[in-house]
Amino acid sequence: MEQNHRYSKQKPWLNSKAPSSRQARPNPTMNSSKHVENLLYCSMCRNRMKNPKSLPCLHAFCRECLQQHVKKSDGRLICPQCRKDCPLSTDGVDGLLDSHFIHNLSEFVEQGGTAKDDVPNCDGCDKDASDRCLDCPCPLCPECSKMHKRMRGTKTHRIISLKEYNSLSDREKIMMQPTSCPYHPRCELEFFCTVCEVPICMKCAVCGHEDHKRMNLVDVYEKQAMEIDSLRNKLAERLKSFEEVAGRTRSVAETLEKEEKGVENQIVEHAERMHEAIDKRKEELIRELKMKSKSKKDILRRQVNNFGEVMHSLHDTYEKTGHLLTYGNRSDVVFAKKSALQRIIEQLDVPLKSQPEENSFIGFKSIINENVKLKLGNVLTTPAVAFQSRLERASGSYPLIGTEQVFVVRSVGHDGIEVKQGGAPVVAELTRPGSKGVALVDSVDAGDGNYRIAFNPDTPGRYRLDAKLFDESTRDSPMEFEVRSRWEVTVNYSQDMKQPHDVTKAWDDTYAIADYGNNRILIRDIAGKFYDQITFAGLEKPFCPISLATTPNNEIVCSDYNNHQIFVTRMDRSLKLRFGSSDLSRPLGVASFQSGKYAVGDGQTIKLFGNGGELLKTVGRRGQGDGEFSNPWFIATSSRNFMAVADEGNGRIQLLDAEGRFLKAFKVMPSGGQALNPRGVYMDDSDNIFVSATTSVLMYSSDGRFICRVNGEDSKMKSPCGLTMLKAGLGTSPVLLVADRSDQCVKGFRL
């Protein structure tokens, strides 16, 4: 008899505690026959499932029901229970996985596995049965049972008394059921093919899987069942956290409801003591209360509803995986393991906001003074004076035709202290090249003492801007400046470089070059002279730097293509951090955020790493859609905490936020030209985007509007890659440095 119970031995994970309180937990009738039979009914047709198909969300339905559902939904498959979108292959519903769990459970019920009270007839002679063969499976009378044990084909079968069989739980009965091979029905599933990841029988092992590694199905079942149950425990904890926050949120909403009624009573009581002159005001206050309270309640209600949806989904997944582990046999669990784990992991990734998003405070302050006066307006004044106030050019504004020229007037009081309030009359007079008259340019009051003046020059030449406060010129006014029609080459460094891929700002007015061919990071000063070099010893392969970035702490970040790593170097040339060897396969572009996080282009994805080099998430995949990539090269980060990715294969720049969420994309296509394939990308302080593509260097606004081509016909480049901007030491205006890997040089462009 011990042999008969070999597979029903309880495992520790089967006794894992389910969530308590209002959490998801197994139905109290989980082991009842009625509950087992309920699992076999399709929620769409309300009948016993026929040809059951399993969805990625773990719900199962009749194949025919799903086919009708897909037909009514214009070819889409949305789970009728949880509303999860389930993509279909070209085979449609037939391409979905068969639900071995439901199929085998249905056979178990049909074979009388759940019957306990009725005495069945013997399968051989129609007499009252006293025993049951677990391998056939069928009921047997005493005589047929003895005959069964003597017959050659059945003498090894497991036979137990009906009394003992009926005393077993449904789970114990299910675990005793033979697990027949779908392809060889007379053979039992005994092994697990590690190559195909499916249970197989002995015949399968020698026909079709003969060269594949196999493992004992019982061992695989126990391991995978424990893995699923371990994640279910985490799912239960997650569900409990959502329940607790939802409870707190509901409590806040209930308190808000009570407070609203109390405040309304205060308003009414106070208003009733007033005369007809304030009746209108009373109604306005009640409307304002309702509106503000509604706004708060809407936020809380939306949060509670969201918690409800998430908890329902968590509860549903918890129950479905519980059913699988409770009523599924070894092959059921193994067949469903991938879908179950994927669904559980998806649920565990659902973010939990641990606090209510609103509070319950709402109040009313009565006016004691009975004299009602109309409020006609506010008295405005400012201590700003013209002789102390300053005119400045905004950072990132380039004196180039077609680009917006931005200036700022900073208002200052007579004591030299900046004024932090607006309201002053600021106007600007602009004199254009070749014009004797002046044009008035409006200013925009920021309300904080600063006034923005902007215009678009349409003619190259010398401009004159006179900003006036109270009709008096401010300091630094009038300001004269030259507007050019193109960028000019001012720097061309080519000494001792071999295939330079990228360039970035370094330390002490120096810049760093990814000197790929010489296996080093080359540091040069502003004049282009050798300053220092950085190499790394003890690597498995030669150090091959591709991309560089500078952190907010002036550390140099470098991607090593050969060794699949990222290096972070301090100003004293010491190594601060080294990461990525186990997470990266083909690192190209690298960038650093203000927060200290890193973004790395790897293969067809962007990978985000924490301050300590730990992998946070992988963004995107190969494709042409939003947030998908085709050979992404370099990455740049902005002052507003988003990043630009040179999506070379798709001929575009994609903008993503710091978490990798898609914002927008634009084609790299000069005005009147054809689409180009971008490699390098750089963003300045105003988030203007500079792009190197094919043989061109182009400038775009932060919203993807083409501004100009930086290099002209007389300054073509063979294969421009990385870019950076140097702001000091090379004249009054910044210089855009571009690494040309094919021309073996670094060129600089300035207006």
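Everything quoted here is computed from the prediction, not taken from an experiment. These values consider heavy atoms only, across backbone and side chains, with no hydrogens, waters or symmetry-generated copies.
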Side-chain contact test, heavy atoms from C-beta onward, threshold under 4.5 Å: evaluate it for [X] versus [Y] and give yes or no.
| X | Y | answer |
| --- | --- | --- |
| T490 | V735 | yes |
| D560 | L539 | yes |
| D442 | V427 | no |
| F749 | N711 | yes |
| M497 | L522 | yes |
| N492 | C745 | yes |
| I635 | I606 | yes |
| D502 | F634 | yes |

Residue pair [X] / [Y]: nearest heavy atoms and the distance that separates them:
| X | Y | result |
| --- | --- | --- |
| N554 | A506 | OD1-O, 4.4 Å |
| P433 | T459 | CG-O, 4.3 Å |
| V590 | V600 | CG2-CG2, 4.1 Å |
| T510 | D525 | CG2-CA, 4.0 Å |
| A693 | V668 | CB-CG1, 3.9 Å |
| T605 | G620 | CG2-O, 3.4 Å |

Heavy atoms from other residues, nucleotides or ligands near [atom1] of [X] exceed 12 (cutoff 6.0 Å):
| X | atom1 | value |
| --- | --- | --- |
| E480 | CD | yes |
| K664 | NZ | yes |
| R76 | CZ | no |

Look up atom [atom1] in [X] and atom [atom2] in [Y], then write down how far apart they are to the nearest 0.5 Å.
| X | Y | atom1 | atom2 | answer |
| --- | --- | --- | --- | --- |
| E392 | D476 | CD | CG | 7.5 Å |
| C558 | Q565 | SG | CD | 10.5 Å |
| Q499 | C544 | CD | SG | 9.0 Å |
| S630 | N650 | OG | CG | 5.0 Å |
| F642 | T637 | CZ | OG1 | 9.5 Å |
| M683 | S638 | CE | OG | 4.5 Å |

> Quick one: side chain to side chain contact (heavy atoms under 4.5 Å, CB included) partners of P542, sequence neighbours excluded?
Replying inline: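 Checked P542 against side chain to side chain contact (heavy atoms under 4.5 Å, CB included); matches are N519, N562.
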Applying ring-ring contact (aromatic ring centres under 6.0 Å, His included) as the test, list every pair that has at least one member in [range]; sequence neighbours left out.
| range | result |
| --- | --- |
| residues 647-667 | F666-Y700 |
| residues 538-578 | F536-F543, F536-F567, F543-F567 |
| residues 499-527 | Y493-Y511, H501-Y516 |

> Taking only residues two or more places apart in sequence or in another chain, which ones pass salt bridge (charged side-chain N to carboxylate O under 4.0 Å, His left out) with E482?
Replying inline: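 E482 satisfies salt bridge (charged side-chain N to carboxylate O under 4.0 Å, His left out) with R462 once adjacent residues are dropped.
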>> I'd like to check the salt bridge (charged side-chain N to carboxylate O under 4.0 Å, His left out) partners of K718; sequence neighbours left out, ordered by chain and number.
In response: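 K718 satisfies salt bridge (charged side-chain N to carboxylate O under 4.0 Å, His left out) with D743 only.
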>> Going by ring pair (Phe, Tyr, Trp, His ring centres under 6.0 Å), name the residues that satisfy it together with F609, two or more places apart in sequence or in a different chain.
In response: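 Ring pair (Phe, Tyr, Trp, His ring centres under 6.0 Å) check on F609 returns F579.
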> Taking it one step at a time, do L548 and I556 satisfy side chain to side chain contact (heavy atoms under 4.5 Å, CB included)?
Replying inline: CA-CA 7 Å; L548 302 173; I556 293 180; 4.3 Å; yes
Could you tell me which residues satisfy side-chain hydrogen bond (donor to acceptor under 3.5 Å, both in side chains) with [X], sequence neighbours excluded, listed by chain and number?
| X | value |
| --- | --- |
| D740 | none |
| K607 | D602 |
| N518 | D515 |
| S477 | T474 |

>> Tell me whether R621 is salt-bridged to E628, with the criterion being a basic N under 4.0 Å from an acidic carboxylate O.
In response: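 Salt bridge flag = yes for E628 with R621.
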>> Salt bridge or not between E418 and R410? Use side-chain N to carboxylate O under 4.0 Å.
In response: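 The answer is no: the pair does not qualify as a salt bridge.
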Is there a donor-acceptor pair closer than 3.5 Å between any side-chain N or O of [X] and the backbone N or O of [Y]?
| X | Y | answer |
| --- | --- | --- |
| T551 | E555 | yes |
| T694 | S696 | no |
| S559 | I566 | no |

> Could you walk me through whether V409 and I453 pass the side chain to side chain contact (heavy atoms under 4.5 Å, CB included) check?
Replying inline: CA-CA 8 Å; V409 172; I453 300 169; 3.8 Å; yes
>> Can you see whether F530 has R524 sitting over its ring - NZ or CZ less than 6.0 Å from the centre and within 45° of the normal?
In response: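 So R524 doesn't make the cation-pi contact.
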Going by atom types only, do [X] and [Y] share a side-chain donor-acceptor pair under 3.5 Å?
| X | Y | value |
| --- | --- | --- |
| D703 | S701 | yes |
| S574 | D572 | yes |
| D466 | S473 | yes |

>> salt bridge (Lys or Arg N to Asp or Glu O under 4.0 Å), that's the test. Do R452 and E404 meet it? Break it down for me.
In response: CA-CA 12 Å; R452 186 177 186 269; E404 185 179 48; 3.1 Å; yes
>> Walk me through whether L588 and N631 qualify under side chain to side chain contact (heavy atoms under 4.5 Å, CB included).
In response: CA-CA 9 Å; L588 290 176; N631 197 27; 4.2 Å; yes
> N456 and Q405: side chain to side chain contact (heavy atoms under 4.5 Å, CB included), yes or no, with the steps?
Replying inline: CA-CA 6 Å; N456 282 293; Q405 304 299 298; over 6 Å; no
> Going by the salt bridge (Lys or Arg N to Asp or Glu O under 4.0 Å) test, which pairs reach into residues 644-660, not counting sequence neighbours?
Replying inline: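 Only K597-E659, D647-R652, E648-R679, D657-R661 qualify under salt bridge (Lys or Arg N to Asp or Glu O under 4.0 Å).
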